2 protein chains.
Amino acid sequence: MATTVKDVATMAGISASTVSRVLNGSSHVSQSTREKVMRAVEVLNYSPNTLAQGLKGGNSRVIGLIMPYIGTSITNYATCGVEQAARERGYTVMLCNTNESLLSEKEHVELLIKRGVDGIIFATVTKSLAHQDHIRTVFESGLPVVNMIRRMKAGSQVPTVTIDNYQCGYDVAEEVIRQGGRHVVIVEQQATFYLYDERVDGCVDALQNCGIKPVILSSATEISAYLASGAALDHVIAVNDSVAAKTITSIVRAGKCVPQDIGVFGFGDLEISRLYNPSISTVKQPFTEVGNQACHLLIDKIENPTLEQEREILLQGELIVRESSR
Amino acid sequence: MATTVKDVATMAGISASTVSRVLNGSSHVSQSTREKVMRAVEVLNYSPNTLAQGLKGGNSRVIGLIMPYIGTSITNYATCGVEQAARERGYTVMLCNTNESLLSEKEHVELLIKRGVDGIIFATVTKSLAHQDHIRTVFESGLPVVNMIRRMKAGSQVPTVTIDNYQCGYDVAEEVIRQGGRHVVIVEQQATFYLYDERVDGCVDALQNCGIKPVILSSATEISAYLASGAALDHVIAVNDSVAAKTITSIVRAGKCVPQDIGVFGFGDLEISRLYNPSISTVKQPFTEVGNQACHLLIDKIENPTLEQEREILLQGELIVRESSR
DNA sequence: CTGAAAGCGCTTACAG
DNA sequence: CTGAAAGCGCTTACAG
């Protein structure tokens, strides 16, 4: 049904081999046959079957993307970035969702290999150091692999693209200090990820450099009790924008004003930080760019296997001061 | 490098054909050879190369998913739903992002066909009736196709899974009336989609049935001027949750209270509607379910080509009343 | 510069 | 019940 090399060859009056050569521009072909082929390709609207190309051992031009969850904006933007870079370079993305399941992540790896992908991008579910053998195995097999968003274990050879969350935390804390912060609370969230830990570490270090020891609460709901206790408080740094929003609500309901009484910061620059009233000061996280770079890194390796890859790419966030602070 | 049928055949001491038969369970095979094969498969950890399977004319077990934009929660949830259903049934998703470009949508169709997908799911970018020929062409070629989220032109044969936005609008307006609404404003948004139009239509019809004629504003920023004009207003229905949030901010800044002075409703049940202060009354939209059903519809057709498909599946929303109303 | 042949890994009539 | 052969569409040494 679809047109094949054979059809083109017949129409051009030459062999299939030569058609293939013209299309892949490998060896030298005479100008006249090249033109004949191109004309036939044009007329028949021919385009090679990638399945067959992939089977033949060439690149399948498909990369696997294994995400922990797709319904969240971080992974979303990263997915978007990967897809965009892949398309630019002529690759297609196979999307896998592990729902934060390690088992599922492992299964997806096997599936993707079976599907003949040229490489795999992870945003690995594991922060546990012990459970990344499946990734290392793939890496060592020579199949190009890039990890993004979430760090892997220290000493891992797998190239990783991520955001410098420690620095983001450090920047926020410095801004807090600039605004005169003395009594600072950091609000975490139940499910903690590396990236939250890193943000918190950055905050704590920056604050301690100025002699401030922050109080750490493990969820936004604890803010009410903290305020009720009468403890001094002038700034809150929440581990992400959603938590910041919840925190502001708690503060306002306790009868305090944001930012007049208490300044609040989040991380992420999600839609909510712009829409919330008051709008939320935050650190913008370039996740689309993370996806983009991860994909380019992967394809570079695919197309040039001997390439020495960068071990780690750290992207910087951008402090955005809005109404919820100062 | 990877193990093939041949390896299994050699190990089991039989032919490749028979191995294939055992694995595909087609014709009858003796119990003893079946066992030999299974044992070899086990030992070699064999799993067939899907590229070769696809090339051979069987199902490639890959479906194409063409989304207009991935960085937004609606399409996100739908993507999630598709991926989930696909995985359950042994299919893999190729993700395409058109960025709302019709040209790109057309290119993706060709790409996916070339990639040998078994079927394609769209959330088509066009609401223009004139520009869906590429989809119709595919549909008529017999390749299974399902459209979701956004309607296609009336009379289109392409099965569509979507949310009953008209009914959602109708439900919200009825709730407004139940709450004693008399002076109602509907706030739209710049980029209007079918689904927004449908919501508005539902609202307008329900209100008019009760003798209420709503005022329609084209963006949340107009609410300030409207309030300043001194016009009576007791309820606002915004075309989605983000617009509802902006509307509330405008109302509050104009010195009015939500919901005491003015009740506000949105659509979507996005994260923001829970986090906003006050939390926003809305209609929950089951987009994950939309993706899910679209995918099942597609795979049903793939696996049973003679199947008579439903032309349209309409999913219902769910009214959620929160603090921003009554 | 170009063609015939072999092969990627699989499946499926066609024979036995 | 099972095997040998052909073929899916392509590419790539191997000859000329």
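Each chain gets a letter, A, B and so on, in the order its sequence line appears, and its residues count up from 1. All of these numbers come straight from a predicted model, not from anything done at the bench.
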Subject >> Consecutive-pair stems (3 or more, Watson-Crick or G-U, under 3.5 Å) for DNA chain C >> reply: C:1-3 with D:14-16, C:5-12 with D:5-12, C:14-16 with D:1-3
Subject >> Residues A:Tyr91 and A:Glu83: side-chain donor-acceptor under 3.5 angstrom >> reply: no
Original post:
Do B:Asn165 and B:Gln285 get their side chains close enough for a donor-acceptor pair, meaning under 3.5 Å?
Top reply: yes
Original post:
With respect to the side chain of A:Ser20, which nucleotide from D:dT11, C:dC10, D:dG3 is positioned closest?
Top reply: D:dT11
Subject >> Backbone N/O of A:Thr75 and side chain of A:Thr79: donor-acceptor pair under 3.5 Å >> reply: yes
For a quick test of reading the model: is some side-chain N or O of [X] closer than 4.0 Å to OP1 or OP2 of [N]?
| X | N | value |
| --- | --- | --- |
| A:Gln53 | D:dG9 | no |
| A:Thr18 | C:dT2 | no |
| A:Ser30 | C:dC1 | no |
| A:Thr33 | C:dT2 | yes |

Original post:
Among all residues two or more places apart in sequence or in another chain, which pass the side chain to side chain donor-acceptor pair (under 3.5 Å) test with B:Ser30?
Top reply: B:Ser32, B:Thr33
**OP:** Determine the interatomic distance between C1' on D:dG16 and the same-named atom on D:dT12; round to the nearest Å.
**Re:** 16 Å
I'd like a table of atom pairs between the protein and nucleotides 13-16 of chain C - only N or O on both sides, under 3.5 Å - with the distance next to each one.
{"residue": "C:dA13", "atom": "N6", "partner": "B:Arg21", "partner atom": "NH2", "Å": "2.9"}

Subject >> Partner of A:Phe122 under side-chain contact (heavy atoms from CB on, under 4.5 Å), chosen from A:Val109, A:Thr160, A:Leu65 >> reply: A:Val109
